[in-house]
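Below, all heavy atoms of this structure are taken into account, side chains as well, without hydrogens, waters or symmetry copies. To find a chain, count down the sequence lines: A is the first, B the second, and so on, and within it residues start at 1. Keep in mind that what you see is a predicted model, and the values were worked out from it rather than measured.
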Amino acid sequence: MNHVRSLMRPAGRRAAAVLLAAAALYAVPYSTLRLPGVFDGPLDSPGVLQLLAVCLLFAGLALSYDLLFGHTGIMSFGHGLFVTGGMYVTTILVNHAGYGLVPAALAGLGVGLAAALVLGSVALRVDGIGFAMVTLAFGQAVSLLVVSGSPALTGGEQGQTLNAGAVPAALSGVRNTANLYWLALGYLAVCAAVLWWLTTSVPGRVMRAVKENERRVEVLGLNPYLFKLLAFVVAGLLATGGGVVYLLLLGGATPVVAGSDFTLGLLVMVVLGGAGRRWGVVAGAVLYAYADQSLTRLSGSASVAALPGALRGPLQQPLFLLGVCFVAVVFFLPGGLATLPARLRASKTRVGHGVRTRNGRRAQRAGSRHSGLSADASATQPRSPIRRSAPQAGPNVLPGHNAASSTGAAEEGVTPHG
Amino acid sequence: MSTLILLTATGLGLAALYFLVASGLSLIFGLMDVLNFAHGAFVAVGGYAAWTVADHVAGTLGLALALPVAVAAGAALAALTELLIIRPLYARPLDQVLATVGLGLAIPALLQAVWGADPRTWTLPAWLAGTLDVLGARIPTVRFVLIAAALALLGALQLLLTRTRAGLIVRAGVENREMVAALGVDVHRAFTGVFALGGAAAGLAGLLDGLYQGSISPGDGTSLLIFAFVVVVLGRMGSLTGTAVAAAAVGLVQQFANYLSADLGDESVVILLAAVLLLRRRDLKGRPA
Amino acid sequence: MREVPAAEPILRVSDLTVTLGGSAILRGVTFDVAATGVTALLGRNGVGKTTTVKSVLGLHPAGGAIRFAGRDIKTLATHRIARLGIGYVPEDRAVFAALTVEENLRLAETARRPHRYDLVYELFPVLRERARQRAGTLSGGEQQMLALGRVLLGPSRLLLIDEPTKGLSPKYAGQVAAALKLVAREVPILLVEQNLAVVRRMARDAVVLDMGRVVHVGDARALLADPDLTNRLLGVSGPRTRDVNGSAR
Amino acid sequence: MNALADSEQFPSAAAAPAAEGKDEAQAAGRAPSERGVAPALAVEELTWRIGGRAIVDGVAFAAAPGELLAVIGPNGAGKTSLFNLISGLTRPDSGRILLGGRDVTRLAPHRRVRHGLGRTFQTSSVFPGLTVAENVQLAAQAAVSGPIGALAVWRRIGGPARDRAADALERTRLAHRARALAGALSHGEKRKLELAILLAAGPSVILLDEPMAGMAVEEVPDLSELIRQVHRDGATILMVEHHIEVVLGLAERIAVLHHGALLACDRPAAVVDDPAVREAYLGEPL
């Protein structure tokens, strides 16, 4: 029944949901609602707004990363360098060259665009693991440049506070946190819009196809390289913009964004939420950013301090908890949070009918594209971006997985384990 | 002249570290096609295990005890990772890698929880803390220890791979896992073994990295990992001698470039990687069928 | 039509189904392999012969039942199946190219068995001459001998041999076939083979697959003695051609 | 580019249904160039080696516009390798590949498509995460907007592409499955979808790599009929197929590959009676 309903669902309902969510998010700074246990103060307090703003920013960044990973199937470990670029170019131009904020930010975007074009056209010439490594190395190079390259310009390990004079009054000071919140919301909206716009366009379709079966795209007469480059440049540009927004949220540039952990964090957000699933990615990013921020705060709180040492230590490390949660999600929730509704529905069906057959699940997948895409891992990973061959098929392999891997191997003509 | 020698010794010392980390990565990748992002965490765990021992037992004895502890810690952690994380995800290659990414984030954070974010200082025994005079260049003794350790590991791995049955299985498994299994060999056990071996080398690297830097901090392994990845890619994944040569090349290029200009070292490695990858495009896409 | 084998069959495959890449390669394959002699698994290209053999070894996930010497082996891991005494010579030989000939053989040694190097070297003297040479540098025929030598090293209870003469020059094909015939006196063999001359020389039973199903089971010689049947089941010309040609004339 | 365009260009080949086409092919003899038109596809002394072993060994043949040429041969004879060379997924060591008289030997796969080439794969090669309609629309759009036009981010899958896709789905009788995910199709349907993708792209030279592989016996006639129709509409088809009845029912000429070399290339009846071919297939006499 489910699939029938989802097929019939009017497109308007989706749009309405988006509008409703946007309106609710827009109204947050006007609300004095308290959510004890979730936030320390009312929603309109600067602390909460700042936290939410960071969450929204990360949601936008994660969407930009998902354009690469979830949508085009390329795994970049250098996404943070664009955030770094936007942040540092703007800061340096403002602080050291006396630019206004807007021209500096525009110049930052220009640099980001150029960097994306150059790095993309170089890195995309290699596939899979090579691409991952090249981008990782590029990211590392930028990181080193920022931390130890020229401390006078970048502030080294400490980062650098943005010259207060250049920041418009509306975006500075604790009282104006609401404006920063809206800025972050605006950034998320831009990312979501660009992603929606791009993914529904012709090249967006081709990107999705490249993820699914690159060789087939080639045989359709299209050059996958160009479409991957397009995705890389758009994602890079969005991330550069995110760097500028982050700079304003923090009031300064920090080398944290240049570290490999930062990009890995984006990857974690996307996988946590569900690669290629917009709502999932936003949810994953918000959850990650919220956990990252509030766990740090929680660790200082009295209740944690009272715990015995063996427990207290790990709980004070957000990355530890996030890492463990991430492994758990990879294990038990392949496809990420976005598959939860479908899973819950499926388990309800199981309670109703006693047994959930594999065929039943497949039928459901066939009906509803959206719940279907990541109903199991095979759908979310039609080809592995960083392996050189399909795995040896063991007796425990689900047919679905095997389908994905064996075609991959056959088409790439790489079957060292055949 | 003495500068040249000093640079070479420093570069080779660094190369030794890279090799210790990269050899395990390369073996694991060659046999199992898993790019192990948790490998840096193995290094860090080895480092902290060693440091803890040496913190309790001073001097050369402490170091002598720290060595097996570091190796064992790395090996045990790696074996556990293979059994608990990698093996159950066998049919989901991408998830295997993602899970190691999660571990790579979690383990250093755990180390930080236990030992704090601040670097812990290694106190070297006197004979290690000094320098050796080579043709006028005063080279820290530790670098020779590093180079010796890397050469010993290279030799040991080479012997293991060429002279033992286990090595035979690994070499055959790199070519065709299915066929090895069809000959009645438990490939999964070989996987665990290779993981443990890589972990042991990583643990050793953790100890030596601590000696080299004079201190350890939770993120050390991860920063080494990036260069180790570069080495693995340059060394044509899965080839031991290739890894050794690539490690030496990366270490030397880095040091010499650093000498030319302070910021150039790491950037030069990136340029080297990009250049080599672009020249070698075909190989990475896989050999022809 | 069919000789009743004296003993219980060594291998019973029942209702084997395999789906790969979304396509049903085997759709319920059922046959027995006799405890002695050679059972030929025949059929045109792409009908599922290799898939059948690989499934027996647990290299493909499969539905149905596979019993070896009375024991259900379908759920076992490949290396356990191999240790029960099933030797496998794959279609592409799969010798380890970077390993020497000697190392290839050594890899096949298992802990508990005597290793019959003398037998292997007697059958294929060239393997002794080339012991130190990398297997990748051998000719196709020599590689095939190595692949056969590998499974003959330990006393197997069943050999699965996939197209041993494929791509070999007549000289090597003859040598390989002769060796197989000798081996077949001791060990039962499930032989996938396109070369009917080889089949005729050694096979007693024949199982013919078409499009993932068993379409013929019977005496191998009887099958090969019937040119029409052979042509229909295995040959280049199908039944329809004859009709078309006939009506055209 | 388009199959239709070709059928206008070469009415004689296009109008003749397969069965009658055979006589014509007989009349035309072995070399299509003798008919006075440039071959739609020609390979000249094509050789591809791995480690010194020739996988494809000096293969030369030509297919006339609108011809259906089947390639058969034992396993490992180099049939798929030949297809990979023609479609550009691998590069030959020597020899030439000509599409409509143009040398495409050095072109990347996607560039050959612009010269009218299309292919299917041995294992179904659709986009499993896209719906059936999206699969076909993608191909249609690629053909309509061209390789660079498809990069226009402002463009949505438009009317002409939709129509073309709908037409292809109609012809392959897949229209009722348009909204299903391609990954959820049965194997037979996937093979049809592959053909639909080809039809939507509208190539003039089509390589079919074992279209019947993995199909149930019942599904074979349906798909053969579909291929016959595509052929009737004027496309030049090169088809690897093991299912001999299908080959004999469809092909105007049969090329036999053995050990990477061309053993024969002739009318079906002649090929079937060729002793060398029988030997290659049945391995007799030893």
Side-chain angles (χ1 to χ4, degrees), chain A residues 3 7 73 194 197-227 229-231 234 276 362-370 372-375 378-383 400 403-404 406-413, chain D residues 1 80-81 84 87-90 108-115 117-131 134-135 137-139 141-158 161 177 179-185 194 197-198 200-201 203 207:
Chain A
H3 64 276
L7 266 183
V194 168
W197 184 65
L198 188 61
T199 53
T200 53
S201 72
V202 169
R205 276 301 169 76
V206 180
M207 287 172 200
R208 186 117 219 166
V210 166
K211 176 189 175 175
E212 305 239 331
N213 192 339
E214 190 172 336
R215 191 150 262 200
R216 194 73 184 82
V217 170
E218 243 180 321
V219 179
L220 283 181
L222 301 171
N223 187 354
Y225 175 81
L226 292 176
F227 294 89
L229 185 59
L230 179 64
V234 172
R362 200 178 288 159
Q364 191 183 19
R365 211 191 311 164
S368 153
R369 312 179 31 200
H370 289 283
L373 266 179
S374 34
S378 73
T380 56
Q381 47 185 61
R383 78 193 168 89
S406 64
T407 21
E411 279 145 26
E412 279 159 33
Chain D
M1 270 321 261
T80 295
S81 302
N84 286 343
S87 55
L89 299 179
T90 45
H110 62 272
R111 291 183 174 272
R112 301 185 191 204
V113 178
R114 291 178 217 168
H115 292 295
L117 190 68
R119 78 167 283 184
T120 65
F121 289 88
Q122 198 171 348
T123 35
S124 284
S125 179
V126 295
F127 303 112
L130 303 184
T131 65
E134 285 170 333
N135 264 278
Q137 282 166 5
L138 195 70
Q141 189 69 50
V144 168
S145 54
I148 300 301
L151 273 167
V153 286
W154 54 89
R155 202 174 268 168
R156 301 287 174 276
I157 300 270
R177 298 290 270 154
R179 301 184 68 172
L181 277 185
L185 294 184
E194 289 229 48
I197 291 173
L198 265 188
L207 311 179

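Note on D:A161, D:P109, D:G88: by heavy-atom pairs under 4.5 Å with chain A, the leading option is D:P109. Between chain A and the options D:S87, D:S145, D:A152, the largest number of non-hydrogen pairs under 4.5 Å is found for D:A152.
Side-chain contact check for A:T199 versus A:R208: every heavy-atom pair is 4.5 Å or farther apart.
Side chain of A:R216 to main chain of D:S125: a donor-acceptor pair is present (N/O by atom type, distance under 3.5 Å, no hydrogens or angles).
Evaluation of the side chain to side chain donor-acceptor pair (under 3.5 Å) rule for D:T80 yields D:Q122, D:D209 as partners, not counting sequence neighbours. Applying the side chain to side chain contact (heavy atoms under 4.5 Å, CB included) rule to D:A182 yields the partners D:V126, D:N135, D:L193; only residues at least two apart in sequence or on another chain are considered.
The contact between A:L226 and chain D is made by backbone and side chain atoms together, counting heavy-atom distances below 4.5 Å. Both the backbone and the side chain of A:V217 have a heavy atom closer than 4.5 Å to some heavy atom of chain D.
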